[in-house]
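Report on one structure; see the data block that follows.
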Amino acid sequence: MFYRDDKVVYANYGVCTVSETDARMSMGGVERTYYVLLPTRDRGGTVYVPVDHEELMRPIMNRSEAIELVEHYDDIETDDFTDSNSRTVEDHFKKLLRRCDCATAVCVFKTMKTRITEQANRKHLPSSVYTRLLDQAKHQAASELSAALDIAEADVPAYIEEHRSAKR
């Protein structure tokens with residue numbers, strides 16, 4: 001059960017704030033109870049999640065879990081999945097991101113960043129699939145880390161770099 005003002009992770013929306021826990025709506029003659037979520041992402045909007053599907057949401061990680069993830073950032077390996085079909089590659093990484101796990105999002109981010117760098121080194125334009133996945137993974141990880149660490153999402157990369165440097 002989630003409560004008003006709880007911070008949760010929901011699908012590709014990243015971190016959301018629960019604004020209501022018992023909104024009732026009728027669709028097709030069937031009345032259901034919904035959680036009303038407000039995404040923290042700039043584009044805003046409202047998300048309605050049926051209360052009987054709350055398994056699609058999870059609480060954000062706590063501060064100590066976020067610090068531990070940052071401290072082990074360099075230990076998170078890239079994913080070596082490859083395929084000649086870009087659609088298959090995209091499906092694989094989108095499936096990983098649907099887990100809504102911050103460490104997995106960091107893995108996808110690092111993988112896409114590495115692949116884009118490799119393409120640039122070969123004087124190729126970055127794949128649009130890679131750039132889309134990079135942006136999605138970056139937002140997913142940064143939104144949760146920013147909420148758990150109570151810092152602005154834009155400050156997350158600097159925070160990670162600072163704590164990676166301190167560890168070395």
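Computed from a predicted structure; not experimentally measured.
Residue pairs meeting the salt bridge (charged side-chain N to carboxylate O under 4.0 Å, His left out) criterion with at least one member in residues 127-143, sequence neighbours excluded: E90-R132. Annotation: salt bridge (charged side-chain N to carboxylate O under 4.0 Å, His left out) contacts involving residues 5-21, sequence neighbours excluded, are absent. Listed by first then second residue, pairs satisfying salt bridge (charged side-chain N to carboxylate O under 4.0 Å, His left out) with a partner in residues 26-38 read R32-D52, not counting sequence neighbours. The list of ring pair (Phe, Tyr, Trp, His ring centres under 6.0 Å) pairs with a residue in residues 77-128, not counting sequence neighbours, reads F81-H92.
The nearest pair of heavy atoms linking L145 to A66 is CD2-CB, 3.8 Å. Across all their heavy atoms, P39 and G45 have their closest contact at CD-O, 3.2 Å. Between Q119 and L125, the shortest heavy-atom distance links the atoms OE1-O, 3.8 Å. Of all heavy-atom pairs between S19 and L38, the closest is CB-CD1, 3.8 Å.
By the rule that hydrophobic residues join a cluster once side-chain heavy atoms approach within less than 4.5 Å of another member, V18 and Y10 end up as members of one cluster. Y159 and V15 are not part of a single hydrophobic cluster, where members link through side-chain heavy atoms under 4.5 Å apart. M61 and V106 fall within the same hydrophobic cluster, defined by Ile, Leu, Val, Met, Phe, Trp and Tyr side-chain heavy atoms under 4.5 Å apart, directly or through other members. Using a 4.5 Å cut-off between side-chain heavy atoms of Ile, Leu, Val, Met, Phe, Trp and Tyr, with links allowed through other members, I76 and V70 fall into the same hydrophobic cluster. Taking hydrophobic clusters as Ile, Leu, Val, Met, Phe, Trp and Tyr residues chained together by side-chain heavy-atom distances below 4.5 Å, V9 does not share a cluster with V47.
Using a 4.5 Å heavy-atom threshold, the side chains of E65 and E68 count as separate. Residues R115 and S127 are not in side-chain contact: their nearest non-hydrogen atoms beyond the backbone lie 4.5 Å or more apart. Inter-residue side-chain proximity for T111 and L133 is flagged as unmet; no heavy-atom pair is nearer than 4.5 Å. The closest side-chain heavy-atom distance from F2 to P59 is below 4.5 Å. Using a 4.5 Å cut-off on side-chain heavy atoms (C-beta onward), V8 and I60 make no contact. You'll find the side chain of V108 stays beyond 4.5 Å of the side chain of Q140, heavy atoms only.
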For this session: Please report the C-alpha distance between R58 and E144 in whole Å, then the side-chain angles of each, then the deciding distance to 0.1 Å, and finally whether the side chain to side chain contact (heavy atoms under 4.5 Å, CB included) criterion is met.
Result: CA-CA 11 Å; R58 68 169 175 78; E144 184 166 8; 2.6 Å; yes
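How far NE2 of H163 is from CD1 of I67: 6.5 Å, rounded to the nearest 0.5 Å. Note that the OH atom of Y34 and the CE atom of M27 stand 4.5 Å from one another [nearest 0.5 Å]. Between the OG1 atom of T21 and the OH atom of Y3 there is a distance of 9.0 Å, given to the nearest 0.5 Å. With values rounded to the nearest 0.5 angstrom, L149 atom CG is found 10.0 Å from N62 atom CG. Between the CG atom in D74 and the NZ atom in K110 there is a gap of 5.5 Å [rounded to 0.5 Å]. The CG atom of D22 lies 10.0 Å from the CZ atom of R4; values are rounded to the nearest 0.5 Å.
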Contacts under 3.5 angstrom, residues 151-158 side chains, donor-acceptor by atom type, not counting sequence neighbours:
from: E153; atom 1: OE2; to: H139; atom 2: ND1; distance (Å): 3.1

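E54 places a side-chain N or O within 3.5 Å of a backbone atom of M1 that can act as its donor or acceptor partner.
With sequence neighbours left out, the side-chain hydrogen bond (donor to acceptor under 3.5 Å, both in side chains) criterion links T33 to R24.
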